[in-house]
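Worksheet: one structure, shown below.
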2 protein chains.
Amino acid sequence: MANQKETKKEAILKAAKTLFWQHGLRRVSIVEICSSANVSKMTFYKYFANKEVLAEYLITEMLTNWHNDYRSVMNSDLDFTAKINQVIALEQQASQNMSEEFLGDIYNNEFVDLQQLITNYRDSYHAEIVKDMIEAQKSGQVRADIKPEFILYLLEDISKKVMDEKLSKLYPSKQAVILELTNYFFYGIINPANESHV
Amino acid sequence: MANQKETKKEAILKAAKTLFWQHGLRRVSIVEICSSANVSKMTFYKYFANKEVLAEYLITEMLTNWHNDYRSVMNSDLDFTAKINQVIALEQQASQNMSEEFLGDIYNNEFVDLQQLITNYRDSYHAEIVKDMIEAQKSGQVRADIKPEFILYLLEDISKKVMDEKLSKLYPSKQAVILELTNYFFYGIINPANESHV
DNA sequence: GTTTAATTTGACGTTATTCGTACATTTATT
DNA sequence: AATAAATGTACGAATAACGTCAAATTAAAC
């Protein structure tokens with residue numbers, strides 16, 4: 001019954017995402033989204049109050065998707081190193097999903113509400129990661145004398161470094177960069193005592 | 001003396017090119033170009049009457065660059081197959097230089113003068129290519145019974161096919177696609193009598 | 001150090017674009 | 001045939017972009 005409504009709404013979301021990801025928020029107009037989604041302007045306003053609300057929807061969707069992926073990784077039966085590998089891969093594709101153009105637009109222009117939204121999600125997710133790291137320390141998978149927040153910092157740092165062009169030039173592929181970085185990461189934090197047990 | 005003028009002008013051109021290539025003509029404003037080039041609006045109008053004239057400058061630059069490259073290839077001492085290989089490579093990087101966003105914007109919106117400019121250059125270059133192909137026929141490097149305009153058509157067709165995603169999926173890399181296409185191209189047009197002479 | 005030229009700044013009126021809403025019409029659904 | 005959903009057009013209001021100007025600042029040249 002509400003099936004075609006979903007179709008229209010999804011068409012708007014899909015078109016908006018493509019345009020926002022490519023050009024950011026400021027450069028894309030509502031009518032542009034509508035004509036790209038083959039939808040009239042009124043239908044747009046039936047589902048979204050304005051452009052910012054639509055962006056809010058997309059951001060929320062994206063961030064909760066990330067969170068679900070993260071949780072399913074952390075709840076899996078993989079060993080800790082495999083989990084972290086997966087998480088790094090997630091961070092990787094998440095930062096690719098969130099295009100520079102989109103984020104830059106949000107932060108360079110006066111979309112304060114969206115900034116706040118992202119910040120809130122980030123904070124909550126980061127707290128969760130830290131909690132997971134503390135748990136990993138308790139079970140002996142991570143050095144006990146390392147500050148959990150520092151691990152979080154390292155994870156973010158790795159994401160940045162993967163994008164670093166100077167670093168990329170030292171390796172044949174981005175895969176190689178990631179491998180090097182994760183190796184470096186593990187030999188720094190993995191509990192040697194725990195490893196020898198395996 | 002006119003050295004710093006060049007610097008300012010070039011800064012504008014560089015910034016504009018980056019922005020145009022990413023977002024097209026319509027989405028980019030003059031003040032945006034200026035602030036990206038660290039130049040005031042007045043300086044912009046000192047060098048360019050408006051946005052369209054600036055785009056005209058960039059397009060002309062790009063197309064004449066292509067032409068110079070093409071001529072230096074065709075005037076070289078390479079044999080015919082090597083020349084065509086180079087030309088295909090040129091077409092390749094030219095279509096990458098001219099971003100979809102930029103060209104699409106010119107043709108979807110009312111930038112009629114720019115459309116005309118591009119068309120004129122294309123026509124003139126195409127005539128030149130056809131002339132070169134007729135020359136290649138006379139010197140026995142290309143089958144005499146093939147229509148020169150058809151060779152031009154094939155060259156453009158190869159450029160399109162390289163971009164074709166369906167085709168790309170059949171090969172491990174874009175290089176492999178190009179190799180396959182050029183091989184196909186040569187075995188179709190190369191004069192077997194001439195080859196056996198070598 | 002003064003003069004001269006180049007560049008920037010801020011403001012301006014004008015034009016174009018975008019926004020959000022309203023209503024009559026058309027297109028689907030049931 | 002009746003009901004609901006979606007469209008197209010038009011609208012005033014708000015915003016953004018355009019192109020121009022004179023005055024102020026900075027840099028270069030003498």
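Chain letters run A, B, ... following the sequence lines, proteins first, then strands; residues in each count from 1.
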(request) Name the orientation class of the two ring planes belonging to B/Phe102 and B/Phe20 (parallel below 30°, tilted from 30 to 60°, perpendicular beyond 60°). (result) parallel
(message) What is the separation between atom CD1 on B/Ile33 and atom P on D/dA16, rounded to the nearest whole Å?
(response) 18 Å
(message) Using a strict threshold of under 4.0 Å (side-chain N to carboxylate O), is an ion pair present between B/Glu10 and B/Lys17?
(response) no
Scan nucleotides 7-11 of chain D against the protein and return all N/O pairs shorter than 3.5 Å with their distances rounded to 0.1 Å.
from	atom 1	to	atom 2	distance (Å)
D/dT7	OP1	A/Lys8	NZ	3.2
D/dT7	OP1	A/Asn38	O	3.4
D/dT7	OP2	A/Ser40	N	2.9
D/dT7	OP2	A/Ser40	OG	3.2
D/dT7	OP2	A/Thr43	OG1	2.4

(request) Please report, rounded to the nearest Å, how far the P atom of C/dG20 is from the OH atom of A/Tyr47. (result) 18 Å
(request) Work out how much the helix from C/dG1-D/dC30 to C/dT30-D/dA1 bends between its end axes, five pairs an end, to the nearest 10 degrees. (result) 50°
(message) Could you tell me if A/Gln116 and A/Asn120 have a donor-acceptor pair between their side chains, going purely by distance under 3.5 Å?
(response) yes
(request) Round to a whole Å and report the spacing from CG of B/Leu54 to P of D/dC18. (result) 11 Å
(request) Figure out the CZ/P separation between A/Phe48 and C/dT21, and round it to whole Å. (result) 15 Å
(message) Which residues pass the side-chain contact (heavy atoms from CB on, under 4.5 Å) test with B/Ser35, not counting sequence neighbours?
(response) none
(request) Take atom CD1 of A/Ile30 and atom P of D/dT15, then tell me their distance rounded to the nearest Å. (result) 14 Å
(message) Quiz question: by atom type and distance under 3.5 Å, do the side chains of A/Glu128 and A/His67 form a donor-acceptor pair?
(response) yes
(message) Tell me whether the rings of B/Phe48 and B/Phe44 are parallel (<30°), tilted (30 to 60°) or perpendicular (>60°).
(response) tilted
(request) Take atom CZ of A/Arg27 and atom C1' of C/dT17, then tell me their distance rounded to the nearest Å. (result) 15 Å
(message) Is it true that, when you exclude A/Tyr121 itself, more than 12 heavy atoms of the residues, nucleotides or ligands shown sit nearer than 6.0 Å to its OH?
(response) yes
(request) Examine distances only and state if a side-chain atom of B/Lys51 and a backbone atom of B/Val28 form a donor-acceptor pair shorter than 3.5 Å. (result) yes
(request) Using only heavy-atom distances, determine whether the side chains of B/Tyr45 and B/Asn50 contain a donor-acceptor pair under 3.5 Å. (result) no
(message) How many whole angstroms separate atom CG of A/Asn50 from atom P of C/dT21?
(response) 9 Å
(request) Could you tell me the separation between the OH atom of B/Tyr45 and the P atom of C/dA11, rounded to a whole number of Å? (result) 18 Å
